[in-house]
Amino acid sequence: MSLRKRTGKVGVVGTGMVGTSFAYALMQRSLASELVLIDIDRARAEGEAMDLNHGLPFVRPMRIYAGDYADLADADLIVIAAGANQRPGETRLDLLGRNAAIFRDMIPAILAANHDGIIVVATNPVDILTTIAAQIAGSDANRVIGSGTILDTARFRYLLGQHYGVDPRSVHAYIVGEHGDSELALWSLANIAGVRLVDFVGANGQGYDQAALDAILEQTRNAAYEIIKRKRATYYAIGLGLLAIAEAVLRDQHTVMTVSSLMTGQYGVTDIAISLPTIVGRDGAEEVLNLPLSDHEVALFQRSANLLKEYLAQVS
Ligand SMILES: NC(=O)C1=CN([C@@H]2O[C@H](COP(=O)(O)OP(=O)(O)OC[C@H]3O[C@@H](n4cnc5c(N)ncnc54)[C@H](O)[C@@H]3O)[C@@H](O)[C@H]2O)C=CC1
Ligand SMILES: CC(=O)C(=O)O
């Protein structure tokens, strides 16, 4: 089938739970006219393409197929979700050795096939793998972004929304730093409908309660462990988060998201990819926002970046 106008081509490398959750969400949003699925397990990619194709009569036309790296040549966006995921009790950083080795083979193959698409890394530990991918990309490092703490920010907004009895879309609060145990909340900027949390009164009269807010941050940090303990993997929410990044890039939306990108001196941090609120558009992570963080938040952010650098050094 040929579509008169191509509205965007997306590649997914790694068609496991995360890659296919994203693919499934993408086809429902009608964001792209072409989707190529790539996996070291070719049969899996083929089976996923067949299954998704059988849903096309229920959505808008697009071309979905299993392919190879060469099929990424004209992709506008490539999502990488290939590699090992956490077993119950493992941290994201425990995956580093296995997934760094995969990335050192995979990233050159992707870059050889595709010269200007935006590359979105979801594989964990996402900040370190984003750094490795950006280092391999060299002068093209700006094409590489990581999903970073978009999922943690979504979990945080959801939990705050539940606590205060408001739609999470009306909660403006960010989790930044590592997508992992050293992440931090930007409490000093958190607000609902423009009202700082210290002053906000929720739907059922909930006022400021530091213990409740501390518990919400802990729940946010531990969410992946709790889900993996129960169902072995997390994928629906990150699939939708990756869709939000894809939409921001393909529609050049300039959406502010906590994606991970290579720092160039923000709050004194360089040479590591880590999350801060960032404008995302056609050129990927277009601008990391310079926000008035508290001294404590800056210190926690720097600590998180230093921890990531220590782990990066282990595989450099
Ligand atoms: N950034 C985030 O917020 C999140 C990240 N993740 C991470 O996403 C990654 C994928 O997780 P799942 O989809 O649950 O795992 P999965 O095991 O379901 O899928 C991984 C896929 O990668 C493929 N793969 C492995 N090596 C490959 C290679 N060299 N080339 C191409 N494909 C290869 C496997 O065949 C498999 O199909 C994990 O690292 C996980 O920790 C998971 C959830 C959230
Ligand atoms: C697995 C993972 O990174 C998450 O669910 O946050």
Side-chain angles (χ1 to χ4, degrees), residues 11-25 36-49 51 66-69 71-72 78-110 113 119-130 132-133 145-156 158-159 175 177-183 219-245 257-260 273-275:
V12 173
V13 184
T15 57
M17 300 311 297
V18 171
T20 54
S21 296
F22 164 66
Y24 184 55
V36 56
L37 303 177
I38 298 170
D39 199 287
I40 198 165
D41 179 350
R42 173 71 183 219
R44 181 170 190 171
E46 286 172 359
E48 298 293 356
D51 198 4
D68 302 307
Y69 288 117
D71 294 302
L72 294 175
I78 299 156
V79 169
I80 304 178
N85 60 8
Q86 292 158 264
R87 291 184 279 256
E90 274 188 323
T91 71
R92 296 172 183 87
L93 292 168
D94 290 333
L95 303 172
L96 180 55
R98 279 171 278 169
N99 289 344
I102 291 175
F103 267 52
R104 291 196 197 288
D105 286 340
M106 191 172 60
I107 299 297
I110 292 173
I119 298 170
V120 181
V121 177
T123 308
N124 276 318
V126 67
D127 303 292
I128 300 178
L129 295 177
T130 302
I132 290 173
I145 57 180
S147 59
T149 54
I150 57 160
L151 179 54
D152 317 77
T153 292
R155 288 169 172 155
F156 191 49
Y158 164 75
L159 291 168
I175 298 289
E178 176 200 3
H179 172 53
D181 298 344
S182 71
E183 67 192 19
Q219 264 184 282
T220 302
R221 238 186 227 131
N222 291 330
Y225 296 119
E226 292 298 326
I227 297 169
I228 290 168
K229 197 162 73 183
R230 289 168 173 81
K231 57 172 268 191
R232 287 202 283 269
T234 70
Y235 35 90
Y236 296 131
I238 186 60
L240 290 171
L242 291 166
L243 177 71
I245 296 177
M257 313 176 89
T258 51
V259 293
S260 185
I274 190 167
S275 289

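As the structure lists them, so they are numbered: ligands from 1, and atoms in each ligand from 1.
- For atom 33 (C) of ligand 1, the choice among Ala82, Ala109, Ser260, Gly241 with the nearest heavy atom turns out to be Ala82.
- Summarising the geometry of Val12 relative to Gly14, their closest heavy-atom pair is CG1-O, 3.6 Å, with the distance given to 0.1 Å.
- At a threshold of 4.0 Å, the pair Arg155-Glu183 does not count as salt-bridged, since none of the basic side-chain nitrogens sits closer than that to a carboxylate oxygen.
- Contacts of Asp105 with ligand 1, taken as heavy-atom pairs under 4.0 Å, are absent altogether.
- Inclusion of Asp39 in the set of residues having an N or O under 3.5 Å from an N or O of ligand 1 is warranted.
- Both the backbone and the side chain of Val18 come within 4.0 Å of ligand 1, judged by heavy-atom distances.
- Using a 4.0 Å cut-off between heavy atoms, Asn99 contacts ligand 1 through its side chain alone, with no backbone atom that close.
- Ligand 1 has a nitrogen or oxygen under 3.5 angstrom from a nitrogen or oxygen of Ala122.
- Considering all non-hydrogen atoms of both residues, Asp127 and His179 come closest at OD2-N, 2.8 Å.
- Close N/O approach between Ile40 and ligand 1 is found [any backbone or side-chain N/O within under 3.5 Å].
- The distance from atom CZ of Arg104 to atom CD1 of Ile132, rounded to the nearest 0.5 Å, is 4.5 Å.
- The shortest N/O to N/O separation between Met17 and ligand 1 falls below 3.5 Å.
- Only the side chain of Leu151 comes within 4.0 Å of ligand 1, counting heavy atoms alone; its backbone N, CA, C and O stay farther away.
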One pair to check against side-chain hydrogen bond (donor to acceptor under 3.5 Å, both in side chains): Asp51 and Tyr24. What are the steps and the verdict?
CA-CA 10 Å; Asp51 198 4; Tyr24 184 55; over 6 Å; no

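- Under 4.0 angstrom from ligand 2, there are no non-hydrogen atoms of Glu90.
- Residue Ala84 has at least one heavy-atom neighbour below 4.0 Å for each of these atoms of ligand 1: 38 (C), 39 (O).
- Each of the atoms 13 (O), 16 (P), 18 (O), 19 (O), 21 (C), 37 (O) of ligand 1 lies under 4.0 Å from some heavy atom of Gly16.
- For a threshold of 3.5 Å applied to N or O pairs, the pair formed by Asn124 and ligand 1 contains at least one separation below that value.
- Here Arg92 has no heavy atoms under 4.0 Å from ligand 1, in either its backbone or its side chain.
- Residue Val13 places no N or O, backbone or side chain, under 3.5 Å from any N or O of ligand 1.
- Evaluated by nearest non-hydrogen atom to atom 25 (C) of ligand 1, the leading choice among Gly83, Gly14, Ala224 is Gly83.
- Contact atoms of ligand 2 toward Thr234: 1 (C), 2 (C), 4 (C), 5 (O) (distance under 4.0 Å to a heavy atom of the residue).
- Residue-level proximity to ligand 2 for Asn124 is carried by the side chain, the only part with a heavy atom below 4.0 angstrom.
- Taking any N or O of Gln86, backbone or side chain, none lies under 3.5 Å from an N or O belonging to ligand 1.
- With no hydrogens or angles considered, a side-chain donor-acceptor pair links Thr258 and Thr149 at under 3.5 Å.
- The shortest N or O to N or O distance between Ser147 and ligand 1 is under 3.5 Å.
- Residues Thr220 and Asp152 share a closest heavy-atom pair of CG2-O, 3.3 Å.
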